[in-house]
Amino acid sequence: MGSFPFIDGFPIVTSLTLVVGLVIIYLLLDGRRNQSSNRNQLGASPDSSHCECYKDNNDVSSSLELRKSSVDSQDASSKSSHNISDESEAVLRTSDDSSSLRPLPECLKIYKSSRDGCLALSDDEIISLVDANHIQARNLEKELKNFERGVVVRRKLIQRHTHVSEELSYKSYDYSKVFGACCENVIGFVGVPIGVAGPLLMDGQEYQVPMATTEGCLVASTNRGCRATYLGGGIRTRVVFDAMTRGPVVRFPSAIRATEALKWLENSMNFMKLKREFDASSRFARLLSVQSRVAGRFLFIRFSAKTGDAMGMNMVSKGTELALKILHADFQDMEILSLSGNYCTDKKPAALNWLDGRGKSVISESIIPSSVVQKVLKTSVTAIVELNIAKNLVGSAMAGSIGGFNAHASNVVSAIFIATGQDPAQNVCSSNCITLMEPWGDNGQDLYISCTMPSVEVGTVGGGTILSSQAACLKMLGLSGPNLSQPGHNARTLASVVCATVLAGELSLMAALAGGHLVTSHLKYNRSDSNIAASVASHQQRSSLQTSLPNLCVPSKVQHKHVDDEQKITMNVIDLPTECKQS
Ligand SMILES: CC(C)(COP(=O)([O-])OP(=O)([O-])OC[C@H]1O[C@@H](n2cnc3c(N)ncnc32)[C@H](O)[C@@H]1OP(=O)([O-])[O-])[C@@H](O)C(=O)NCCC(=O)NCCSC(=O)C[C@@](C)(O)CC(=O)[O-]
Ligand SMILES: NC(=O)C1=CN([C@@H]2O[C@H](COP(=O)(O)OP(=O)(O)OC[C@H]3O[C@@H](n4cnc5c(N)ncnc54)[C@H](OP(=O)(O)O)[C@@H]3O)[C@@H](O)[C@H]2O)C=CC1
């Protein structure tokens, strides 16, 4: 044995066998890799993918053979996944077999051969035409005359640059409502859970309020507020102002000229001229007022209009553009710098909206009996009233807030906005709210609460309200679409629902804070380890700090507001689960 050469302690024969075996395994694995990269030719490696396949297919004769064998199976699979008319089924091609790609000139010829030329091309062939700038990626739905296939091809296009998981939903969605109205370059849709809070007893009627959110605990809390107000006899609301605004910026050669224009706008005859033009732009938009401010040579003009059941931004923008032409006719030296000069103010925090209102200005109020405060809200009238002053009034003043004198109005506003197809960006000003609380009744034993929201920007027609799920949520409230007998009534009622639900949310969260229940409730409803379990495990393994508090330990009990009378220190004492204590 000693005369035989050894490799790493093995006799040479054994070593050679090992090397040959490894080479064979490597070749087999490599072959599989190549096969799979051919199958995913629009996948992760963009440069090699399509171009390589296209080069391969320059050999037309071989590609024709391959194509013939693949077309049948492709068509069979495509029929189930695409909503194609019978006519086009016969010629539809999809992309799975890269080897069947026809050369670009041939694809172009087919594409141009008729109005439906696109339908005779596979997804990959369509992509080759997009790459060569014959088809615009953003027009795929139109070109393919099939919304879902347009979405599928666009997903394949961007697969080459980033991973688009099947988990991003795209099937069985009514894209016909989206195209030209709600979104461009569509690649799918995101599902957001909808919870329901209710019954909300508002102005004598019961509502079940849909809320779209991923913040566990929010619906539970709002539901509790609905319960408390229901037991107290409900919530009353009033809409005190209703006008959407658009505020362009224009410029003059001098401040003097800007001031002359301002004076012109203040004249009631001139206002009527503007109004005639503005009102002619819509069956529902009606100009109510024009408010102007000068800053040097700039003039800012805030057009305010009723917009029926629409939130109204498109409508008011359209009317404003026409009205500006009338002003321009008398002030030819006026430059229109922008239809929006941020004096509207849309989608940005602004004191103007807080002070003067925008959209619907709404007030809601309710009285909660002391027994309900104790049993349902688990706090006392004194504690919640004191906390409201300290937090929502003094705290927000200390923070320099404008319109943020509340606990979490934006939570409820955003959840209802997403559920009912409102413009979610308008959550910024729509969440302006001041929450007020007072002891009520002969002995101050009950609780009075009100929410004042000057700028709720909502509609029941237009925007995302046309989409099926969002319209279904509006239907739950009995507020879908236009109110034919009283245009504007549906949108105003929706604003009331928002304000009343905000009141319910304020009541419940403030009670939880006053009672020290915030953390326990959120750890119960608002924490999951589904996408962090691995990192927590590896962190624990790495650090092996058994003494530290594991991230996912849920306190079984939180004692709050343990006040040391002498020092007036407030402490939170967290009672940990046994396993956490042991570690
Ligand atoms: C609409 C455009 C982009 C057209 O702009 P355009 O320049 O006429 O379009 P184009 O056909 O010349 O295309 C130029 C590029 O725009 C893109 N593009 C163009 N069309 C599409 C489409 N269908 N789908 C996807 N991408 C598109 C695309 O990148 C395209 O490049 P290409 O692909 O041709 O090389 C332009 O007029 C625009 O940006 N308008 C403003 C719209 C906007 O920003 N709206 C936001 C909402 S407004 C609001 O909510 C807030 C407000 C206004 O109130 C705030 C305030 O007070 O200021
Ligand atoms: N343009 C912009 O600057 C901005 C646009 N937006 C977007 O604007 C969209 C909303 O614009 P908006 O003007 O509300 O909606 P639309 O643009 O959809 O306009 C409403 C349409 O509904 C018609 N309508 C039918 N019945 C009624 C009724 N009872 N009350 C009111 N209108 C009715 C109107 O008729 P008619 O034609 O007679 O007026 C109008 O054509 C959203 O998508 C939003 O995201 C948001 C911010 C800024």
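The analysis underlying the following values was restricted to heavy atoms, covering all of them including side chains, and did not include hydrogens, waters or symmetry mates. In each ligand, atom 1 is the first atom listed, and ligand 1 is the first ligand listed.
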Which residues share a side chain to side chain contact (heavy atoms under 4.5 Å, CB included) with A511, sequence neighbours left out |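 For A511, the residues satisfying side chain to side chain contact (heavy atoms under 4.5 Å, CB included) (neighbours in sequence not counted) are R224, L377, T379, I384.
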S169: side chain to side chain contact (heavy atoms under 4.5 Å, CB included) partners, not counting sequence neighbours =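 Only F189 meet the side chain to side chain contact (heavy atoms under 4.5 Å, CB included) criterion with S169.
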With heavy atoms of [X] as the reference, note each atom of ligand 2 found under 4.0 Å away.
| X | answer |
| --- | --- |
| T307 | 30 (N), 31 (C) |
| G462 | 15 (O), 18 (O) |
| S282 | 36 (P), 38 (O), 39 (O) |
| D423 | 44 (C), 45 (O), 46 (C) |

Compute the shortest N/O to N/O distance between [X] and ligand 2 and return yes if it is under 3.5 Å, no if not.
| X | answer |
| --- | --- |
| N314 | yes |
| R246 | yes |
| D346 | no |
| S281 | no |
| M315 | yes |

E148 side chain to Y170 side chain, donor-acceptor N/O pair below 3.5 angstrom = no
Side-chain donor-acceptor contact under 3.5 Å, T420 with Q422 |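 Short answer, yes.
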Taking the non-hydrogen atoms of [X], is any one of them nearer than 4.0 angstrom to ligand 2?
| X | value |
| --- | --- |
| G312 | yes |
| K347 | yes |
| S317 | yes |

Just go through M313, K318, H489, Q422 and tell me whose heavy atom is the nearest to atom 4 (C) of ligand 2.
->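 When every heavy atom of M313, K318, H489, Q422 is considered, M313 comes closest to atom 4 (C) of ligand 2.
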Check: of A491, A181, G463, A425, min heavy-atom distance to atom 42 (C) of ligand 2 comes from G463
Could you label the plane-to-plane angle of the F331 and W264 rings as parallel, tilted or perpendicular, counting under 30° as parallel and over 60° as perpendicular?
-> perpendicular
Quick one: does R160's side chain get under 4.5 Å of I127's, heavy atoms only?
->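 With C-beta onward as the side chain, the pair touches.
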May I ask you to test the P199-Q208 pair for a side-chain heavy-atom distance under 4.5 Å?
->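 In contact.
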Taking only Lys NZ, Arg NE, NH1 and NH2, and the carboxylate oxygens of Asp or Glu, determine whether R149 and D123 approach each other closer than 4.0 Å.
->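 Looking at R149 and D123, the cut-off is met.
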Residue pair N353, T345: steps toward the side-chain hydrogen bond (donor to acceptor under 3.5 Å, both in side chains) verdict | CA-CA 7 Å; N353 292 345; T345 294; 4.8 Å; no
